[in-house]
Amino acid sequence: MPDNTPKPSNEDLTKRLSNARYPRSNGYDVRWTIENQMGPHALWLLEWLAPALGLDALRPGARVLDLGCGRAMTSVFLAREYDAQVTAADLWVAPDENARRIAEAGFADRVLPVHAEAHDLPFAEGSFDAIVSIDAYQYFGTNDLYLPTLTRLLKPGGRIGVVVPALREEPEGAEPPEHLKPFWDPGFWAFHTPAWWRRHWTRSGTVEVETADWLEDGWKDWLLWSEVCAEESPSEFMAGMARESVELLHADEGRALGFARVVGRRR
Ligand SMILES: C[S@@+](CC[C@H](N)C(=O)[O-])C[C@H]1O[C@@H](n2cnc3c(N)ncnc32)[C@H](O)[C@@H]1O
């Protein structure tokens, strides 16, 4: 059956997604963000992260590695909002695809897309003023030995900042929280509390952790965004993923799931 439900206008969608917490993100085309999303709203999460990274790490011309940049929306944001020189590194999304999107956005001179695997990054020691990673670090960063391999790419005093899906409390034992069992995916074991991340980074000895906190009501933002993507994504695959997130977040209602922000300064 064809879906004859009228599509909301861009104006309606913009109004629905406009959020006083994320004034910079409000300036981006909503259809662009929906078409290029790969999970939670990447620009909202980066806009939450940026002040904790500090003005020095994001000063004009700063060299920033956007690790696990996906479709490079966050890389464009870093260039547009902070005039940074961004390396947009990703494993699943090809640099040719990202190069087209970056050029269409008008930032080909400031964002360089590269194909990169987080364990084999082709950069010299001290290459970056800042490393950011939005909704990606959980895929590779929980290994105790990983952080030092990444922070060596920072200049001394440089900042690393990540935002990851997170848990309010570490589950005891080996079972997921009871109410999440029907939805649990083994990948969720890489979700942790801000306190877990603080300890994980601190004991690596390579950074001084400056921030490790929880986004208040982050799950509500995640739910609203997932509802919109479930209805509006042009990709049936991404719409299906968003529908699963809607079910998960409704079942949870903020009891367990949200976002952690972690920022460290290279020693
Ligand atoms: C859920 S997507 C998020 C993408 C983007 N940051 C965003 O928020 O829209 C996770 C990204 O992490 C990247 N990723 C996962 N494992 C990686 C690895 N080992 N090395 C580099 N990137 C990785 C994937 O390529 C993917 O684009």
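Atoms within a ligand are numbered from 1 in the order they appear, just like the ligands themselves. One is the number of the first residue; the rest follow in order along the sequence. Side-chain atoms are counted along with the backbone in the values below, which use heavy atoms only and exclude waters and symmetry mates.
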How are the rings of Tyr22 and Trp44 set to each other: parallel, tilted or perpendicular (split at 30° and 60°)?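 Parallel, since the angle between the ring planes stays under 30°.
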Trp201 and Trp197 aromatic ring geometry - parallel, tilted or perpendicular at 30°/60° bounds: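 Judged by the thresholds at 30° and 60°, the geometry between Trp197 and Trp201 is perpendicular.
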Do any heavy atoms of Ile134 fall under 4.0 Å from ligand 1?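 Yes; Ile134 lies near enough to ligand 1 that a heavy-atom distance drops under 4.0 Å.
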Report yes or no: does a heavy atom of Gly39 sit under 4.0 Å from some atom of ligand 1?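 Per 4.0 Å heavy-atom rule, Gly39 does not contact ligand 1.
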Given Asp120, Asp135, Asn36, Asp66, identify the one with the heavy atom nearest to atom 1 (C) of ligand 1.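 That would be Asp135.
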Option with minimal heavy-atom separation from atom 5 (C) of ligand 1, where the choices are Gly68, Ala136, Ala88: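 When every heavy atom of Gly68, Ala136, Ala88 is considered, Gly68 comes closest to atom 5 (C) of ligand 1.
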What part of Cys69, side chain, backbone, both or neither, has a heavy atom within less than 4.0 angstrom of ligand 1?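 It is the backbone that gets close, since no side chain atom is under 4.0 Å.
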Looking at Arg261 and Glu216, is any side-chain nitrogen of the basic one under 4.0 Å from a carboxylate oxygen of the acidic one?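 The answer is no: the pair does not qualify as a salt bridge.
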Carboxylate-amine/guanidinium proximity below 4.0 Å for Arg16 and Glu11: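 Salt bridge absent between Arg16 and Glu11.
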Positive for salt bridge (Lys or Arg N to Asp or Glu O under 4.0 Å) with Asp129, one of Arg159, Arg63, Lys155: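 Single salt bridge (Lys or Arg N to Asp or Glu O under 4.0 Å) partner of Asp129 among Arg159, Arg63, Lys155: Lys155.
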Could you point out which residue of Glu236, Glu232, Glu231 forms a salt bridge (Lys or Arg N to Asp or Glu O under 4.0 Å) with Arg243?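 Only match with Arg243 under salt bridge (Lys or Arg N to Asp or Glu O under 4.0 Å): Glu236.
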N or O contact, [X] vs ligand 1, cut-off under 3.5 Å:
| X | result |
| --- | --- |
| Glu117 | yes |
| Phe140 | no |
| His119 | no |

Where is the nearest protein heavy atom to [atom]: which residue, which atom, and how far?
| atom | result |
| --- | --- |
| atom 13 (C) of ligand 1 | Asp90 OD1, 3.4 Å |
| atom 9 (O) of ligand 1 | Ala42 CB, 3.7 Å |
| atom 21 (C) of ligand 1 | Ala116 O, 3.4 Å |
| atom 26 (C) of ligand 1 | Trp92 CE3, 3.3 Å |
| atom 20 (N) of ligand 1 | Ala118 N, 2.8 Å |

From CE (Met73) to CE (Met38), nearest 0.5 Å: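 Between atom CE of Met73 and atom CE of Met38 there are 9.5 Å.
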Dump the intermediate steps for ring pair (Phe, Tyr, Trp, His ring centres under 6.0 Å) on Trp92 and Tyr139, then the final yes or no. CA-CA 12 Å; Trp92 304 340; Tyr139 290 108; 5.5 Å; yes
